[in-house]
Amino acid sequence: MLSPINLSLEQQFNLRSFEAQVQQMSHEQAQEFLITLYEQMIVRENMYKEFIKHQWGLDSILEQP
C-alpha cells in the first residue's frame, strides 16, 4: 500500500484508531465493513464528478438535447 502523504496529526490518530477497531472485527464483520466502505467511496466519487460538472458548467451543456 502506498504510504499516505502529509497526514495531519489528527488524521494519523484517526488512522491508528481505525486500525485498532478493524483488528477487533471478525472476518465476516471486516468483509461487510469493506463492502460498505467501497460503496461509500463510489458514492463519494460520483458526488465529486457531479460537483465538478456543475462547477464547470458542464451539467447544463450535457442536459440539452
Q. Would the number of heavy atoms belonging to other residues, nucleotides or ligands and lying under 6.0 Å from CD of Glu39 be above 12?
A.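 No, because the 6.0 Å sphere around CD of Glu39 holds 12 heavy atoms or fewer from other groups.
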Q.
Side chains of Gln31 and His27 only: does a donor on one sit below 3.5 Å from an acceptor on the other?
A.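 Indeed, the side chains of Gln31 and His27 share at least one donor-acceptor pair under 3.5 Å.
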Q. Quick one: does Val22's side chain get under 4.5 Å of Phe18's, heavy atoms only?
A.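 Side-chain contact under 4.5 Å: yes.
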**Q.** Side-chain (Ser17) to main-chain (Phe13) donor-acceptor, under 3.5 angstrom
**A.**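 Looks like no, no N/O pair under 3.5 Å.
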Q: Any chance you could measure Asn6, atom CG, to Gln12, atom CD, to the nearest 0.5 Å?
A: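 CD of Gln12 is found 9.5 Å from CG of Asn6.
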Q) In chain order, what residues pass the salt bridge (Lys or Arg N to Asp or Glu O under 4.0 Å) check against Glu19, with sequence neighbours excluded? A)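 Checked Glu19 against salt bridge (Lys or Arg N to Asp or Glu O under 4.0 Å); matches are Arg16.
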Q) Closest heavy-atom contact between Gln24 and Gln29? A)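 Of all heavy-atom pairs spanning Gln24 and Gln29, the closest is O-OE1, 4.4 Å.
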Q: Walk me through it: do Leu34 and Tyr38 pass the test side chain to side chain contact (heavy atoms under 4.5 Å, CB included)?
A: CA-CA 6 Å; Leu34 281 171; Tyr38 186 70; over 6 Å; no
Q.
The test is side chain to side chain contact (heavy atoms under 4.5 Å, CB included); show your working for Leu37 and Gln40 and say whether it passes.
A. CA-CA 5 Å; Leu37 183 61; Gln40 291 174 356; 4.3 Å; yes
